[in-house]
Protein chains: 2
Amino acid sequence: MEKKRISKAVINRLPRYYRYLGDLLEKDVVRISSKELSEKMKVTASQIRQDLNNFGGFGQQGYGYNVEYLHSEIGKILGLEKQYSLIIIGAGNLGQALANYADFERRGFFVKGIFDINPRLVGMSIRGIEIKNVDELEDFVKNNDIDIAALTVPKAKAPQVAADLVKWGIKGIWNFAPTDLNLPDDVVVENVHLSDSLMKLSYKLSEKRKLAD
Amino acid sequence: MEKKRISKAVINRLPRYYRYLGDLLEKDVVRISSKELSEKMKVTASQIRQDLNNFGGFGQQGYGYNVEYLHSEIGKILGLEKQYSLIIIGAGNLGQALANYADFERRGFFVKGIFDINPRLVGMSIRGIEIKNVDELEDFVKNNDIDIAALTVPKAKAPQVAADLVKWGIKGIWNFAPTDLNLPDDVVVENVHLSDSLMKLSYKLSEKRKLAD
DNA sequence: TAGATTGTTAATCGATTAACAATC
DNA sequence: TAGATTGTTAATCGATTAACAATC
């Protein structure tokens, strides 16, 4: 059987579907049609049905979709039924923010270690996890089964740290450094480029200003 | 003259061009062809030329692009030649991380105020800016010319805070709350959904795992 | 059964890539 | 001038939307 390639655009939309369905679930909504959902999400009903049908039929003609079932199925597609262990490299404000964000645990992402080079931070604890010196990183990664490393180190350090992590066996990197990482194909990188995001906001504001003329 | 609408895909790529050109500039690279840049960025040269030509011709036949000039022109397109004043609503770890990120200032984004509801945070200072109580927010927004509000409040609070900010005159929102905001068309919202990003990483890791079978 | 809504095919639209004449 | 590379048009590819038969 030919396995249909899922487009990036579809994958980008999945977390948003998951979020909306989670909200509906909290409001005890039992069923929803693609039409109703499309109005809430401001997309076309067609797109919702097309997107979902990349993964199989989750609905029922004449009824729509069962919210709880669809939510759980999208969760499975996103790999959220599994648990992930995570380390944070860089215990600055952003690293600490991630470590403190308890909500990730609810989704199955568990912080197993936090590392920094700054001796003033090493030894401190965040939510019961002691910040370790980066010179312990190699041993830690090799001796623990870590799925994801969140990289919250300065731009200049990021490529080397990433290369080391990969050498030691890390297969998933959540990159917050404002630079792209060139890593082997079997390593998965997800970028969060805050400055890119701010520039996009700046662009949109400029456009509005121009329109106002 | 018919004004050509710039596609979202192009706008999303602009900050990345800006970043690469900035890096080249730091390395004192004077000129670059679309071909060279395409190899660094792992996109097609065609796409680079198409993207840039949405805004006019910045290059020269037989030569390529002058790095400094192109960098500065893209900066202008992104609205980075202007200065922006910014407030942060929510002085938790993420809000503090943003307040501490000095790099934004280099790009012309100045933090003018930080607000929180928690009395234990109010009165503290971050880089010389005192955290104020949210009950001072209305006056502050009305009496200062604030371009952007970064929203780092809990999901449940976000819609109301955003609505208030807009009511008081804010036209740009940098939203870190894991929810979409429904605001008037003249308000610009840029979302940073960290949990969506983590789910995408989770998806990619799952895909790799499946492929390994 | 009649009404509703899916799953899916076909049509449209838009974005990316290829090609090449223009020109530095 | 010859070589290089842009700016831009044309071709291709992919994604979105529309339409509707299938079916709950």
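Proteins get letters first, then strands, A, B, ... in listed order; numbering begins at 1 in each.
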Can you label the angle between the A:Tyr203 ring and the B:Phe55 ring as parallel, tilted or perpendicular, going by 30° and 60°? perpendicular
Side-chain donor-acceptor contact under 3.5 Å, B:Gln160 with B:Asp164: yes
Can A:Asn12 and B:Lys200 be counted as having a side-chain donor-acceptor contact under 3.5 angstrom? yes
Are any side-chain N or O atoms of B:Asn53 and backbone N or O atoms of B:Gln50, one a donor and one an acceptor, separated by less than 3.5 Å? no
Donor-acceptor contact present, side-chain B:Asn175 to main-chain B:Ala177, <3.5 Å: yes
Is any side-chain heavy atom of A:Pro159 closer than 4.5 Å to a side-chain heavy atom of A:Lys157? no
Only counting residues at least two apart or in another chain, list the ones meeting salt bridge (Lys or Arg N to Asp or Glu O under 4.0 Å) with B:Arg16. A:Asp180
Under 3.5 Å, sequence neighbours excluded: what are the donor-acceptor pairs made by side chains of residues 63-73 of chain A?
unit_1  : atom_1 : unit_2  : atom_2 : d
A:Asn66 : OD1    : A:Glu68 : N      : 3.1
A:Asn66 : OD1    : A:Tyr69 : N      : 2.8
A:Glu73 : OE2    : A:Lys76 : NZ     : 3.1

Contact span of DNA chain D against chain B, any nucleotide atom under 4.0 Å from a heavy atom, 5' to 3', runs D:dA4 to D:dA10
Can you run through DNA chain C from 5' to 3' and write each base as (, ), [, ], | or . depending on how it pairs? Watson-Crick or G-U wobble, both distances under 3.5 Å. ..||||||||||||||||||||||
Is the cationic atom of B:Lys142 (NZ for Lys, CZ for Arg) positioned less than 6.0 Å from the six-membered ring centroid of B:Phe140 and within 45 degrees of its normal? no
Looking at DNA chain D, which of residues 25-46 of chain B put a heavy atom within less than 4.0 Å of it? B:Arg31, B:Ser33, B:Ser34
List in chain and number order the residues that pass side-chain contact (heavy atoms from CB on, under 4.5 Å) with A:Tyr101, two or more places apart in sequence or in another chain; answer none if no residue qualifies. A:Asp103, A:Phe104, B:Pro178
Residue met sooner reading DNA chain D from 5', once A:Gln50 and A:Gly62 are mapped to nucleotides: A:Gln50
